[in-house]
Amino acid sequence: MDDDIRSEQTRATTLTLDDAMFTAVMEQAVETILVTDTEQVVRYVNLAFTHATGYRGDEVIGQPLVSFLGEARYSSLGLADKATPTVGEVWRGRIVSARKSGTTFEEDVTITPIRDVSGQTIAYVRVGRDVTREMSLQSKLFHLQKMEALGRLAGGVAHELNNRLTVVNTTISLLMARFSEDAEAVSDCRDIVDAVHRSKELTQQLLTFSRHEATRTRAVNLKELIGDAEKMYRRTIGEHILIILAIDPDIPCVIIDPGQFEQVLLNLVINARDAMSSGGMLEICAKEAMLTAEELMWDPSARPGRYVVISVKDTGCGMTPDVKERAFEPFFTTKESGRGTGLGLATVYGIVEQAGGYVFIDSEPGKGTTVRAYLQATDDLPSQIPTSLVPESARGNNEIILVVEDDPVVRRSTARMLKQSGYRVLQAGDGKEGLWILNDSGKDVRVVLSDVIMPTMSGGEFAKRVRQLHPHVRIVFMSGFTGDNMVEQGVLEKDQTYYFVQKPFNGEDLLRVIQRAVRRAAGQGSDPVPSGTL
Ligand SMILES: Nc1ncnc2c1ncn2[C@@H]1O[C@H](COP(=O)(O)OP(=O)(O)O)[C@@H](O)[C@H]1O
Ligand SMILES: [Mg+2]
């Protein structure tokens, strides 16, 4: 008898313990657990469910499941068919669940019928696992892979095309020289040169996107750079948009090609302008920020650490999820033809990636857009010498430089750079105009800075005439091709001496070469070796 009581007691204790343990298991499970009866009325939810959805037990117990998880969503997923009591089978799937707050999250859900000893279904248990994070990691990884594949394609095509364009370019300049007396032929050639120029711009953008472009990265102070660019984008976007700059004065330098950074900023500003056709507010911020390994989990080659984040925020139309997903793809545009090329954000992506950074878009229709570019911070001091602060030794002393370049944008910016550095500048749009100016004021010109591939007269031909007529003038060529390449192609004469600066150049490169040429023109220093390029 005592034994019986004891064993009864033991069983009872064990049972109580099991109940408590059972409850603890349910309550502390990471998965959300919800039990309904066969009528789909909720009988139990665990703590994880409350955490995930915001619904407390007392708010949902006794309520039909559909009343708070949403009938439409349930039936649209086929759940009504598959997981109704009549089917009585295990249902598995991924669904979008609603929180009390109205927001949604993705869940992997299993709904299992619970049967009594006779096999009769008496309840359903719904176990869910929040997969939002997993999904987002997956889609980011997918995005990364897609961008890599597109980059390889774009880069490959651009590279091949560039080689062929180079041939067209050099051949055309030879033809132009040969037919220089035939105005009609020259004009036809000029059309070809124009088309080649435009194609080159395109391949250049594709190379930037595919991160194949040669860059000149250095420690850059963004505060100065953004300040310098400010005037330009204020002009670009017009009066109807309010611009706010919030640049933290203490931000560290970042490693990037300064010219490329300006391109990033300009593309983002133009997009913001286009998104705010009837006005709005544009905010450009720069501040130091950390990116943790956790935040970069989706990136197999993550580079957590110190960054400077530049954000360009607008109050414009925003993007739908589909547009946002594809916005970085080259040639993806929602703008009418002629207005958008679809290369703006692709260029931004390529540049930031190449600089070892990250770029993210936050955007919702009607709520505006923020693009954030993270660039690696460095403790190095800025190594760029702003053209306005060129050291005394590299500055000009009012010597006159003639800039001959058919692209007005390149011509003007080059002229500005030289002027800021203490030179006086004359400008010509082609070789003929250049000769004309030299005839007029030739004795004062020290150095001619000339493009090589130009309409009406090639740089080589132009140089030949300059040498005949104005032997004291030194010639500096600027070109996207290398000097040797052009000698090989016969555009420049062999055995002649050229100063040469490779495009795209920065202020320092240009000034260094110009200064050498100026000194030489004044009888100091020595010329480069024949057919050599500097
Ligand atoms: N700030 C923005 N606001 C709204 N949509 C934008 C914004 N920036 C980019 N987009 C969307 O992304 C697309 C691609 O942008 P982009 O690559 O710069 O090409 P483009 O400006 O030539 O269309 C745009 O056509 C537009 O739909
Ligand atoms: Mg754009």
Side-chain angles (χ1 to χ4, degrees), residues 139-140 143-144 146-151 153-155 157-158 198-199 201-211 213 226 229-230 232-238 240-246 259-286 309-355 357-374 409:
S139 80
K140 280 180 175 148
H143 189 253
L144 195 73
K146 179 182 82 175
M147 295 307 281
E148 267 173 23
L150 283 173
L153 176 69
V157 171
R198 283 199 302 277
S199 311
E201 274 166 25
L202 184 68
T203 55
Q204 196 56 44
Q205 280 172 300
L206 289 177
L207 285 176
T208 306
F209 166 67
S210 67
R211 286 150 271 155
E213 197 189 36
I226 297 175
E230 189 188 341
M232 173 198 46
Y233 52 69
R234 278 198 195 273
R235 248 198 331 270
T236 313
I237 69 174
H240 60 306
I241 292 168
L242 180 69
I243 309 180
I244 296 174
L245 281 189
Q260 289 202 326
F261 177 78
E262 282 174 7
Q263 241 179 302
V264 167
L265 200 60
L266 188 64
N267 285 337
L268 295 180
V269 166
I270 288 175
N271 280 349
R273 176 200 67 189
D274 291 351
M276 298 189 283
S277 48
S278 49
M281 198 166 78
L282 169 71
E283 207 178 319
I284 301 172
C285 305
V309 55
I310 298 95
S311 48
V312 176
K313 181 176 175 186
D314 64 58
T315 55
C317 57
M319 300 180 215
T320 61
D322 292 352
V323 170
K324 194 173 103 174
E325 173 68 30
R326 300 192 55 196
F328 288 124
E329 285 177 21
F331 301 114
F332 175 79
T333 179
T334 57
K335 295 170 193 171
E336 59 198 71
S337 81
R339 267 186 65 77
T341 57
L343 286 170
L345 284 178
T347 306
V348 169
Y349 183 90
I351 291 175
V352 174
E353 277 277 313
Q354 188 167 31
Y358 293 92
V359 52
F360 304 108
I361 299 177
D362 296 310
S363 187
E364 266 182 67
K367 293 199 177 157
T369 300
T370 305
V371 182
R372 286 173 296 138
Y374 285 81
V409 179

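Quick note: numbers below take in every heavy atom, side chains included, and nothing from hydrogens, waters or symmetry partners. We count ligands from 1, going down the list as the structure has it; atoms in each ligand are counted the same way.
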Using a 3.5 Å cut-off on N or O atoms only, is [X] in polar contact with ligand 1?
| X | value |
| --- | --- |
| Val323 | no |
| Gly340 | no |
| Asp274 | no |
| Thr369 | yes |

Considering only protein heavy atoms, which is closest to [atom], and at what distance to one decimal place?
| atom | result |
| --- | --- |
| atom 18 (O) of ligand 1 | Asn271 ND2, 2.8 Å |
| atom 5 (N) of ligand 1 | Met319 CG, 3.4 Å |
| atom 16 (P) of ligand 1 | Leu345 N, 3.5 Å |
| atom 13 (C) of ligand 1 | Phe332 O, 4.0 Å |
| atom 1 (N) of ligand 1 | Asp314 OD2, 2.8 Å |
| atom 23 (O) of ligand 1 | Thr333 OG1, 2.5 Å |
| atom 24 (C) of ligand 1 | Thr334 OG1, 3.9 Å |
| atom 12 (O) of ligand 1 | Ala327 CB, 3.9 Å |

Is there a side-chain contact between [X] and [Y] in this structure, where contact means two heavy atoms from C-beta onward sitting under 4.5 Å apart?
| X | Y | answer |
| --- | --- | --- |
| Leu343 | Leu202 | yes |
| Glu262 | Leu266 | no |
| Ile226 | Leu245 | yes |
| Tyr374 | Val352 | no |
| Phe209 | Ile351 | no |
| Thr208 | Gln260 | yes |
| Ile361 | Met319 | yes |
| Leu345 | Phe332 | no |

For the student: nearest non-hydrogen atoms of Gly155 and Ser210, plus distance:
CA-OG, 3.2 Å
Does anything in residues 266-275 pair up under salt bridge (charged side-chain N to carboxylate O under 4.0 Å, His left out), and if so which pairs, sequence neighbours excluded?
Asp274-Lys335, Asp274-Arg339
Tabulate below the donor-acceptor pairs under 3.5 Å that side-chain atoms of residues 277-284 make, not counting sequence neighbours, or state none.
none

For ligand 1, is there an atom lying under 4.0 Å from some heavy atom of Asn267?
no
I'd like to know whether ligand 1 has Gly342 as a neighbour, heavy-atom separation below 4.0 Å.
yes
In terms of side-chain geometry, is the basic nitrogen of Arg326 or Glu329 positioned less than 4.0 Å from the acidic oxygen of its partner?
yes
I'd like to check which ligand 1 atoms, numbered from 1 as shown, lie under 4.0 Å from a non-hydrogen atom of Thr341.
22 (O)
Atoms of ligand 1 close to Ala275 [distance to a heavy atom under 4.0 angstrom, numbered from 1]
2 (C), 3 (N), 4 (C)
Mind checking side chain to side chain donor-acceptor pair (under 3.5 Å) for Tyr349 and listing every partner two or more places apart, or none if nothing turns up?
none
Can you list the protein N, O or S atoms less than 2.8 Å from the Mg ion (ligand 2)?
Asn271 OD1
Give me the one residue out of Glu148, Met147, Lys146 that meets side-chain contact (heavy atoms from CB on, under 4.5 Å) with Leu144.
Glu148
